[in-house]
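A short write-up of the structure that comes next.
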Amino acid sequence: MGTLASGTQGLAPGASVLVGVTTWRTSSLAVTQLKAGLSPDQGLSHSAVSEGALPGGVMSQALLAVTPRADDLPIPGEPAAAQAYGPLIAHSMVPGTNVTIVASRGSKTEARRVHALRQERGKLVTWVRLPFTQLPEAAFVLDGQRTLYLCPAQGGKTDIVLLDHSGTEIVRQSLEALLPPGVRRSEVPASLMPTPTGASLGVPLLSGSMALVELGVDHRPGTSPSEFEVCSVILSDKYACGVEAWLEQARQLDRAGDAEAARFALDAAIETDPMDARGYRELAHFYRRQDLTAQQLNTLRTGVTRLHAKVLGVADDDWQVGTPAARLTLDYLNAARATDDPELVTDVMDLALRLYPCMEQLVLTRAEFWIGEGETTKAIDSIRAALGQVDPNGDLAAAHHDAGRFLRRKGLTEAALHFCEDAYALGDHSEFLLRGLADISVELNKPERAVEWLSLLAERWRSELESVSDGTRNERAQSRLRVLEEEIAALQSDVESSR
């Protein structure tokens with residue numbers, strides 16, 4: 001401010017100084033200055049922008065406008081600005097663009113004159129007069145062509161006004177007329193919410209809800225402007241209810257075809273609890289249904305990163321992992337695979353396996369990739385390496401059985417037999433495994449081994465029959481055992497005939 005203040009020395013009596021200040025956080029300590037002299041027909045004799053680093057990494061920007069005395073004013077018939085009101089700093093969706101709105105008047109009886117000071121980095125400050133008599137309640141820079149204003153209107157109401165950056169009005173509507181019957185605004189300021197297709201205006205209501213106003217952001221110069229409309233009324237306090245309440249509201253809105261409000265509710269679920277995987281999963285599913293692949297992947301990547309931010313080394317050494325964070329990681333991998341981008345799939349797979357090196361779905365997905373590349377040995381070795389890290393007190397036997405069934409489905413029957421035999425040795429004596437071992441042995445033309453496995457299965461069924469007291473169940477069990485014994489006898493006959 002010292003640099004700017006020095007520029008005010010020698011002002012003529014009656015001149016007015018208007019100053020607007022904005023700050024933002026930055027890691028840069030560089031100090032730059034930009035001075036811009038505007039031509040007289042812009043109604044401004046001096047302006048300057050100064051940027052400098054303050055302690056704590058806060059960057060400040062000061063905007064100075066000096067209006068000359070009445071007899072120096074280049075605009076004929078317009079009195080000097082003896083009293084200034086404001087300024088109002090407009091929220092900008094355009095990076096590098098700042099807009100400060102100021103109001104002034106020469107006497108108590110005169111109507112106020114409202115001007116906008118617009119500055120873009122690398123460009124001079126522009127000074128335009130706006131078609132208002134009062135300082136707006138709020139202002140939002142939507143894009144490089146238009147700014148949205150909330151302005152006081154007659155009867156204590158508010159108008160939504162869209163102007164281009166030359167100050168020309170594009171469309172104006174009463175905000176209260178847009179709201180549902182009987183609904184009233186609260187005193188909480190309205191806010192601008194960026195959306196995948198542009199922006200919506202959030203207007204808090206006395207009912208504890210928020211009206212989302214569609215801004216017609218698809219309007220382009222030379223086309224008819226879209227009128228504003230309230231597209232939804234949703235909960236306004238993102239922290240007043242839990243994640244599940246937001247998710248349920250999002251589902252209802254999505255079923256009703258209100259996609260924009262559904263997306264807002266899903267964002268609110270994530271903000272309510274950033275460590276709850278459900279918000280990220282449902283928002284990603286929402287984007288997938290909308291065919292917004294980039295947004296889907298970004299949501300999943302953000303969720304996986306946040307939920308695993310404190311993980312060092314292995315997140316889980318179990319074979320079966322069903323935590324919400326693990327399911328979110330699988331969603332991320334499946335979404336990446338759907339893109340047919342090999343580099344992306346590799347990156348996500350590497351990330352997932354660093355977090356869950358023993359997870360069944362990940363291990364078998366990686367093996368499936370190698371099999372598809374014709375690298376069957378590498379696929380089998382990768383499964384064995386993963387199983388070597390599984391907690392031996394956990395699902396180790398089941399993990400070998402799962403691997404064997406996977407390899408059998410892929411046509412690698414010999415390898416499948418070895419994994420299933422390991423599962424039996426590790427303690428899995430289920431009839432499902434015994435049946436599978438017998439079938440694999442038949443496929444490999446090893447009827448003697450098939451007879452051994454089926455005989456173990458028959459012995460198990462006979463022991464179970466002793467505990468079956470119900471007549472109907474006993475009869476069904478006896479019938480099933482007879483069929484199995486006939487199968488064993490046929491295999492034994494094949495063995496004897498082949499000798």
Side-chain angles (χ1 to χ4, degrees), residues 319-320 358 360-361 363-388 390 392-499:
W319 179 252
Q320 296 290 346
C358 307
E360 174 191 4
Q361 295 94 325
V363 172
L364 299 185
T365 297
R366 177 176 56 183
E368 185 176 31
F369 170 78
W370 288 122
I371 292 172
E373 295 293 314
E375 300 280 359
T376 56
T377 300
K378 187 177 290 188
I380 295 170
D381 289 345
S382 69
I383 294 175
R384 287 202 180 279
L387 293 179
V390 174
N393 297 318
D395 302 320
L396 190 55
H400 280 80
H401 188 184
D402 292 337
R405 290 190 294 120
F406 166 78
L407 292 169
R408 185 184 177 195
R409 290 195 303 270
K410 295 301 177 181
L412 302 176
T413 312
E414 190 72 47
L417 178 62
H418 294 314
F419 279 93
C420 288
E421 287 176 338
D422 290 343
Y424 184 81
L426 290 167
D428 184 356
H429 298 164
S430 64
E431 63 178 74
F432 187 37
L433 176 61
L434 294 173
R435 179 79 254 185
L437 281 165
D439 292 342
I440 292 174
S441 298
V442 171
E443 292 175 15
L444 294 174
N445 196 25
K446 297 179 179 182
E448 302 95 332
R449 293 293 290 159
V451 168
E452 293 176 11
W453 295 119
L454 291 179
S455 296
L456 289 172
L457 182 58
E459 181 180 343
R460 175 173 177 163
W461 285 0
R462 291 190 192 98
S463 64
E464 291 176 353
L465 271 173
E466 297 176 359
S467 61
V468 177
S469 57
D470 180 81
T472 302
R473 289 181 58 201
N474 186 282
E475 183 178 346
R476 287 200 298 266
Q478 290 280 5
S479 175
R480 184 177 69 160
L481 179 59
R482 285 194 297 270
V483 172
L484 180 59
E485 290 172 338
E486 292 172 1
E487 182 180 357
I488 294 172
L491 284 172
Q492 288 175 330
S493 176
D494 291 341
V495 172
E496 294 173 358
S497 62
S498 63
R499 290 175 180 172

Q: Taking only Lys NZ, Arg NE, NH1 and NH2, and the carboxylate oxygens of Asp or Glu, determine whether E485 and R462 approach each other closer than 4.0 Å.
A: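 A salt bridge is present here (some side-chain N lies under 4.0 Å from a carboxylate O).
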Q: For the pair K446 and E414, find out whether any cationic side-chain nitrogen is under 4.0 Å from an anionic carboxylate oxygen.
A: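 Yes.
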Q.
Set out, in order, the CA-CA distance, both residues' side-chain angles and the distance that settles side-chain contact (heavy atoms from CB on, under 4.5 Å) for L396 and W319, then state yes or no.
A. CA-CA 7 Å; L396 190 55; W319 179 252; over 6 Å; no
Determine the minimum heavy-atom distance between [X] and [Y], stating which atoms define it.
X	Y	value
A416	G404	CB-O, 3.2 Å
L407	A415	CD1-CB, 4.0 Å
A397	A423	O-CB, 3.4 Å
A367	A379	O-CB, 3.5 Å

Q.
Check for me whether R435 meets the cation-pi criterion with W453, that is, NZ or CZ under 6.0 Å from the six-membered ring centre and within 45 degrees of the ring axis.
A.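 R435 over W453 ring: no.
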Q. Quick one: is the NZ or CZ of R384 closer than 6.0 Å to the six-membered ring centre of F419, and within 45° of its axis?
A.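 Yes, R384 and F419 form such a contact.
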Q: Applying salt bridge (charged side-chain N to carboxylate O under 4.0 Å, His left out), run through E443 and R449 and close with a yes or a no.
A: CA-CA 11 Å; E443 292 175 15; R449 293 293 290 159; over 6 Å; no
Is it true that a side-chain atom of [X] and a backbone atom of [Y] form a donor plus acceptor pair closer than 3.5 Å?
X	Y	answer
S441	L437	yes
D494	E496	no
R460	H429	yes

Kindly compute the distance separating [atom1] ([X]) from [atom2] ([Y]), expressed to the nearest 0.5 Å.
X	Y	atom1	atom2	value
T365	E368	OG1	CD	6.5 Å
L484	S479	CG	OG	11.5 Å
S382	K378	OG	NZ	9.5 Å
K410	I380	NZ	CD1	13.0 Å
H400	D428	NE2	CG	11.5 Å
I440	L433	CD1	CG	8.5 Å

Q: Show the numbers, then the answer: is there a side-chain contact (heavy atoms from CB on, under 4.5 Å) between I488 and S455?
A: CA-CA 7 Å; I488 294 172; S455 296; 4.2 Å; yes
Q: Take R482 and E486 through the test salt bridge (charged side-chain N to carboxylate O under 4.0 Å, His left out) and record every step on the way to the result.
A: CA-CA 6 Å; R482 285 194 297 270; E486 292 172 1; over 6 Å; no
(Q) Before you tell me yes or no, could you show the steps for C420 and H401 under side-chain contact (heavy atoms from CB on, under 4.5 Å), namely the whole-Å CA-CA distance, both residues' side-chain angles and the distance that decides it to 0.1 Å? (A) CA-CA 5 Å; C420 288; H401 188 184; 4.3 Å; yes
Q: May I ask you to test the T376-W370 pair for a side-chain heavy-atom distance under 4.5 Å?
A: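 Result no, sub-4.5 Å side-chain heavy-atom pair not found.
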Q: State, yes or no, whether a side-chain contact exists between L412 and I371 at a heavy-atom distance under 4.5 Å.
A: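 SC-SC contact between L412 and I371 confirmed.
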Q | Residues L454, L434; criterion side-chain contact (heavy atoms from CB on, under 4.5 Å); working and verdict | A | CA-CA 7 Å; L454 291 179; L434 294 173; over 6 Å; no
(Q) Are there over 12 heavy-atom neighbours, none belonging to E459, within less than 6.0 Å of that residue's CD? (A)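 No, the 6.0 Å shell around CD holds no more than 12 heavy atoms from other groups.
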